[in-house]
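Counting convention: from 1, in listed order, for ligands and their atoms alike.
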Amino acid sequence: MLDKLNSLFREVQDTSIKTKEELELFRIHYQGRKGILAGLFEEFKTVPHEQKRKTGKILNDLKMAIQSRIDAYTQESGSPEETSLSDFDLTRPVTYMEPGPRHPLSIVRNQIIGIFSRLGYTVAEDREIEDDWHNFTALNFPEEHPARDMQDTFFIEKNPDIALRTHTSSVQIRTMEKNQPPIRSIFPGRVFRNEVISARAHCIFHQVEGLSVDKDVSFRDLKQTLLYFAKEMFGDDTQIRLRPSYFPFTEPSGEMDVSCNICGGKGCNICKYTGWVEILGCGMVDPAVLENCNIDSEIYTGFAFGMGIERITMLKYQIKDLRLFFENDLRFLNQFKGAF
Ligand code: DAH
């Protein structure tokens with residue numbers, strides 16, 4: 001083995017390294033996983049005990065000789081990967097990197113939060129993985145309601161009690177369980193439904209829920225709150241229209257349309273030539289829901305509403321395909337530069 005090591009010393013010194021490619025070949029030949037050094041260290045295990053000291057030292061010297069040839073080349077060629085921190089000029093100005101724009105859904109969510117904050121609403125968030133009680137039962141959903149169906153709801157590991165929340169209305173329950181009125185809060189968050197992805201539907205989307213519970217809260221308060229919101233969001237000329245509807249957790253329930261901000265109510269393909277677009281569901285909190293949260297429905301009344309952030313964003317910015325929100329295409333996102 002000693003002879004072999006000696007001739008390897010010569011070989012290492014004599015190999016010419018003139019290019020990066022040659023350096024790489026040299027490195028792999030000697031230091032690679034199946035290279036010369038690896039083989040020698042393997043062979044070293046079989047060296048008789050009394051020769052181990054001497055052979056080991058020479059083997060280590062060879063290892064260092066190989067490394068110093070590599071270092072010598074790198075230093076001469078000034079290869080940038082190998083420069084140490086002290087070679088950097090820390091006083092050099094950096095090139096300006098523009099910050100990424102905020103996502104349009106975040107911009108609109110922040111606007112919604114801003115509008116309701118000015119009305120004295122607080123903001124709260126809660127869990128996305130919910131139990132049946134908070135997502136359905138406490139909200140007065142009958143046992144056989146189709147929204148509980150496997151087809152709409154993502155359940156966790158075949159446990160029918162745990163699901164990804166299908167709406168932010170679950171946070172109404174969480175809030176009322178923890179707080180007695182007066183309550184005036186909004187709850188933004190992500191929701192999940194088992195929908196086929198298309199230009200108009202997605203399995204993940206965003207909602208903002210609103211809840212106001214106090215003595216003497218009436219439908220009139222709901223209507224004025226929503227009118228104020230619509231004007232702040234879409235402009236002072238915006239009108240609203242409430243249509244009767246049904247939700248298990250509100251009685252009476254309604255759906256709210258705003259006058260189409262694109263054609264100004266004259267009729268266009270966004271409003272399907274009706275002059276109106278639906279933006280949210282709302283109603284007076286059903287007394288049974290208040291009682292489920294230990295709030296005395298003889299003393300307190302409340303209203304609630306829930307809106308889809310995607311829908312409002314699409315209307316505001318005339319975005320025709322919901323999928324754009326989730327693709328992270330910079331050509332789309334960069335159009336929202338400067339908005340917060
Ligand atoms: N949770 C309903 C949905 O996802 C929206 C909704 C309707 C929320 C009426 C409310 C409400 O708070 O009062 O379709």
_Is any side-chain heavy atom of Leu8 closer than 4.5 Å to one of Leu40?_
yes
*Any side-chain heavy atom of Ile112 within less than 4.5 Å of one from Met233?*
yes
*Could you list all the side chain to side chain donor-acceptor pair (under 3.5 Å) pairs where at least one residue sits in residues 38-48, not counting sequence neighbours?*
Lys4-Glu43, Glu42-Lys45
*Cut-off 3.5 Å, side chains only: do Ser259 and Thr238 have a donor facing an acceptor?*
no
*Under-4.0 Å salt bridge between Asp221 and Arg184*: no
*asked:* Looking at Arg174 and Glu130, is there a salt bridge between them, counting it only when a charged N and a carboxylate O are closer than 4.0 Å?
replied: yes
*Write down, by chain and number, every protein residue that brings a non-hydrogen atom to less than 4.0 Å from an atom of ligand 1.*
His167, Ser169, Gln172, Arg193, Gln207, Glu209, Phe247, Phe249, Thr250, Gly281, Cys282, Gly283, Ala304, Phe305, Gly306
